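Chain A is the first sequence line, chain B the second, and so forth, proteins listed ahead of strands; every chain is numbered from 1. Only a predicted model underlies this, so the values are computations on that prediction, with no experimental measurement involved. The analysis underlying the following values was restricted to heavy atoms, covering all of them including side chains, and did not include hydrogens, waters or symmetry mates.
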2 protein chains.
Amino acid sequence: MANEDRFDRCEISCIHEEAVAAVKQTMISDDEAQSLADIFKTLADRTRVKMLFALMQKELCVCDLAAVIGASESSVSHQLRILRTNKLVRFRRDGKILYYSLADDHVITLFRQALEHASHDEAWAAQFLDLIK
Amino acid sequence: MANEDRFDRCEISCIHEEAVAAVKQTMISDDEAQSLADIFKTLADRTRVKMLFALMQKELCVCDLAAVIGASESSVSHQLRILRTNKLVRFRRDGKILYYSLADDHVITLFRQALEHASHDEAWAAQFLDLIK
DNA sequence: TTTACATATGATCAGTTGTTCATATGTAAA
DNA sequence: TTTACATATGAACAACTGATCATATGTAAA
């Protein structure tokens with residue numbers, strides 16, 4: 001019934017009802033938006049960015065990663081769990097050592113887009129665009 | 001002097017010195033990694049994801065946005081400031097009303113990549129891949 | 001088995017983030 | 001100028017995040 005829309009207007013006064021209705025129809029749900037946000041959240045930390053950046057170039061074990069990015073092994077291990085949970089990295093075991101690498105190429109593309117966005121303001125970004133594929 | 005490297009090994013015992021040295025050479029700096037992380041951080045919130053998703057389809061004013069995503073106008077205004085600061089949206093004024101829209105197309109590409117990553121596990125993601133360009 | 005070592009996990013805590021409520025700003029009509 | 005309205009901003013607070021330290025797990029050599 002057409003009246004149900006009216007109730008909303010008591011709480012939030014929108015100005016362009018047609019536009020709002022149209023956009024609402026193709027709107028992403030709360031859960032879906034959360035899933036997308038979670039992917040970006042996984043990339044939204046300096047330590048994890050450096051870890052993924054290193055893994056773009058070569059598979060590395062935990063203590064190598066710690067040495068490369070200058071963080072503690074415990075910290076790296078904790079962050080690797082987050083990356084694993086979100087399926088951005090995978091690992092293989094060789095004896096006592098776990099070798100981590102990127103799970104797929106989406107991370108690379110995400111980084112490239114972010115670098116292109118950054119390169120509008122920051123000169124350094126261009127050099128890395130050449131570097132990653 | 002070649003000995004300086006030796007000091008590092010007292011703190012962090014890395015196993016593959018050559019690999020670590022090679023990756024270190026092309027490593028992104030702390031500040032640069034932080035800049036990239038900040039871009040992803042801007043996208044790492046459900047409310048902002050929904051806002052950007054809405055703006056992909058049509059320019060909208062603050063109260064329209066609030067109505068579309070079901071949040072308070074104050075909350076939307078706060079989040080818009082974050083999106084403005086990070087240059088993901090821009091606005092034009094028409095009388096009392098501010099119309100917001102996407103600043104450029106990088107957001108769309110970033111969303112597409114995230115959706116492709118998500119579509120490995122989540123069936124809903126594919127439908128939005130068709131929707132956004 | 002012990003022992004050593006690579007890595008994972010749990011608890012704690014400071015720092016950050018997002019929402020809400022209250023208040024301020026800026027614009028235009030009356 | 002008042003008034004109304006669209007939006008911005010500030011303060012306060014709960015929830016979340018990441019680093020650290022301590023401890024546990026799993027693997028392989030001794």
Side-chain angles (χ1 to χ4, degrees), chain A residues 9 11-17 19-20 30 33-34 37-52 59-86 89-101, chain B residues 9 11-17 19-20 30 33-34 37-52 59-86 89-101:
Chain A
R9 264 177 267 150
E11 309 215 321
I12 299 174
S13 61
C14 70
I15 300 178
H16 310 85
E17 301 181 34
V20 169
D30 273 17
Q34 187 64 59
D38 287 344
I39 295 173
F40 293 121
K41 199 177 292 186
T42 310
L43 301 168
D45 174 78
R46 186 182 51 175
T47 303
R48 290 195 293 274
V49 165
K50 294 182 80 177
M51 291 169 63
L52 291 168
E59 75 169 4
L60 293 167
C61 72
V62 176
C63 56
D64 287 346
L65 262 176
V68 166
I69 71 172
S72 74
E73 294 176 17
S74 176
S75 174
V76 167
S77 182
H78 274 292
Q79 301 296 4
L80 278 172
R81 181 146 85 118
I82 295 174
L83 294 175
R84 256 187 285 126
T85 303
N86 289 276
V89 301
R90 56 197 173 76
F91 63 93
R92 66 180 178 87
R93 177 183 283 282
D94 182 13
K96 293 187 246 190
I97 301 176
L98 298 178
Y99 290 92
Y100 279 86
S101 54
Chain B
R9 265 177 264 151
E11 308 215 321
I12 299 174
S13 61
C14 71
I15 300 177
H16 311 85
E17 301 181 33
V20 168
D30 274 17
Q34 187 63 58
D38 287 344
I39 295 172
F40 293 122
K41 198 178 292 187
T42 309
L43 301 168
D45 175 78
R46 186 181 51 176
T47 302
R48 290 195 293 273
V49 165
K50 294 182 79 177
M51 290 169 63
L52 291 168
E59 74 168 5
L60 294 167
C61 71
V62 175
C63 56
D64 287 345
L65 262 177
V68 165
I69 72 173
S72 74
E73 293 175 16
S74 175
S75 175
V76 167
S77 181
H78 274 293
Q79 301 296 4
L80 278 172
R81 180 145 84 122
I82 295 174
L83 294 176
R84 255 187 287 127
T85 302
N86 289 276
V89 300
R90 56 194 173 78
F91 63 91
R92 66 180 178 87
R93 177 182 282 282
D94 183 12
K96 293 188 247 190
I97 301 177
L98 298 178
Y99 290 92
Y100 280 87
S101 55

Atom pair [atom1]/[atom2] of [X] and [Y] - distance to nearest 0.5 Å:
X: A:L80; Y: A:L98; atom1: CG; atom2: CG; result: 9.0 Å
X: B:K96; Y: B:C61; atom1: NZ; atom2: SG; result: 12.5 Å
X: A:R46; Y: A:I69; atom1: CZ; atom2: CD1; result: 9.5 Å

Please tabulate the protein-to-nucleotide N/O contacts below 3.5 Å involving nucleotides 7-10 of chain D, giving atom names and distances.
{"residue": "D:dT7", "atom": "OP1", "partner": "B:V62", "partner atom": "N", "Å": "3.4"}
{"residue": "D:dT7", "atom": "OP1", "partner": "B:L98", "partner atom": "N", "Å": "3.3"}
{"residue": "D:dT7", "atom": "OP1", "partner": "B:L98", "partner atom": "O", "Å": "3.4"}
{"residue": "D:dT7", "atom": "OP2", "partner": "B:C63", "partner atom": "N", "Å": "3.1"}
{"residue": "D:dA8", "atom": "OP1", "partner": "B:Y100", "partner atom": "OH", "Å": "2.4"}
{"residue": "D:dA8", "atom": "OP2", "partner": "B:S77", "partner atom": "OG", "Å": "2.8"}
{"residue": "D:dT9", "atom": "O4", "partner": "B:S74", "partner atom": "OG", "Å": "3.1"}
{"residue": "D:dG10", "atom": "O6", "partner": "B:H78", "partner atom": "NE2", "Å": "2.7"}

Legend entry - Length of the line joining B:D94:CG and C:dA29:P, which is rounded to integer Å: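 B:D94 atom CG is separated from C:dA29 atom P by 11 Å.
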
Legend entry - Protein-nucleotide distance (B:I82, atom CD1; C:dT16, atom P), rounded to Å: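 It works out to 14 Å between those atoms.
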
Legend entry - Pairing residues for B:R90 by the side-chain hydrogen bond (donor to acceptor under 3.5 Å, both in side chains) criterion, not counting sequence neighbours: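 Residues passing side-chain hydrogen bond (donor to acceptor under 3.5 Å, both in side chains) with B:R90: none at all.
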
Legend entry - Residues in side-chain hydrogen bond (donor to acceptor under 3.5 Å, both in side chains) contact with B:R84, at least two apart in sequence or another chain: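 Partners of B:R84 by the side-chain hydrogen bond (donor to acceptor under 3.5 Å, both in side chains) criterion, ordered by chain and then number, come out as B:Y100.
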
Inset, instruction - Kindly say if B:Q79 contacts the phosphate of C:dT19, meaning a side-chain N or O under 4.0 Å from OP1 or OP2. - result: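 Yes, because at least one side-chain N or O of B:Q79 sits under 4.0 Å from OP1 or OP2 of C:dT19.
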
Inset, instruction - Hey, which sits more toward the 5' end of DNA chain D by its nearest nucleotide, A:S75 or A:R93? - result: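 It is A:S75 whose nearest nucleotide is closer to the 5' end.
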
Legend entry - Side-chain donor/acceptor of A:R93 to backbone N/O of A:G95, under 3.5 Å: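 Confirmed, A:R93 side chain pairs with A:G95 backbone.
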
Extract all donor-acceptor atom pairs below 3.5 Å that involve side chains of residues 37-45 of chain B and protein atoms in other chains or at least two apart in sequence.
{"residue": "B:D38", "atom": "OD1", "partner": "B:Q34", "partner atom": "NE2", "Å": "3.0"}
{"residue": "B:T42", "atom": "OG1", "partner": "B:D38", "partner atom": "O", "Å": "2.7"}
{"residue": "B:T42", "atom": "OG1", "partner": "B:N86", "partner atom": "OD1", "Å": "3.4"}
{"residue": "B:T42", "atom": "OG1", "partner": "B:N86", "partner atom": "ND2", "Å": "3.4"}
{"residue": "B:D45", "atom": "OD2", "partner": "B:T47", "partner atom": "N", "Å": "3.0"}
{"residue": "B:D45", "atom": "OD2", "partner": "B:R48", "partner atom": "N", "Å": "3.1"}

Legend entry - Residue list, salt bridge (Lys or Arg N to Asp or Glu O under 4.0 Å) with B:R92, at least two apart or on another chain: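 Checked B:R92 against salt bridge (Lys or Arg N to Asp or Glu O under 4.0 Å); matches are B:E59.
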
Inset, instruction - Please list, by residue number, the residues of residues 37-47 of chain B whose heavy atoms come closer than 4.0 Å to an atom of DNA chain C; answer none if no residue qualifies. - result: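 When residues 37-47 of chain B is checked for heavy atoms under 4.0 Å from DNA chain C, the hits, listed by number, are B:K41, B:D45, B:T47.
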
Legend entry - A:A19: side-chain contact (heavy atoms from CB on, under 4.5 Å) partners, not counting sequence neighbours: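 Residues passing side-chain contact (heavy atoms from CB on, under 4.5 Å) with A:A19: A:H16, B:K58, B:L60.
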
Legend entry - Duplex segments of DNA chain D, taken as runs of at least three Watson-Crick or G-U pairs that stay under 3.5 Å: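 Consecutive-pair runs (3 or more) involving DNA chain D: C:1-30 with D:1-30.
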
Inset, instruction - Would you check if A:D30 and B:K50 make a side-chain contact, meaning some heavy-atom pair closer than 4.5 Å? - result: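 A:D30 reaches B:K50 side chain to side chain.
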
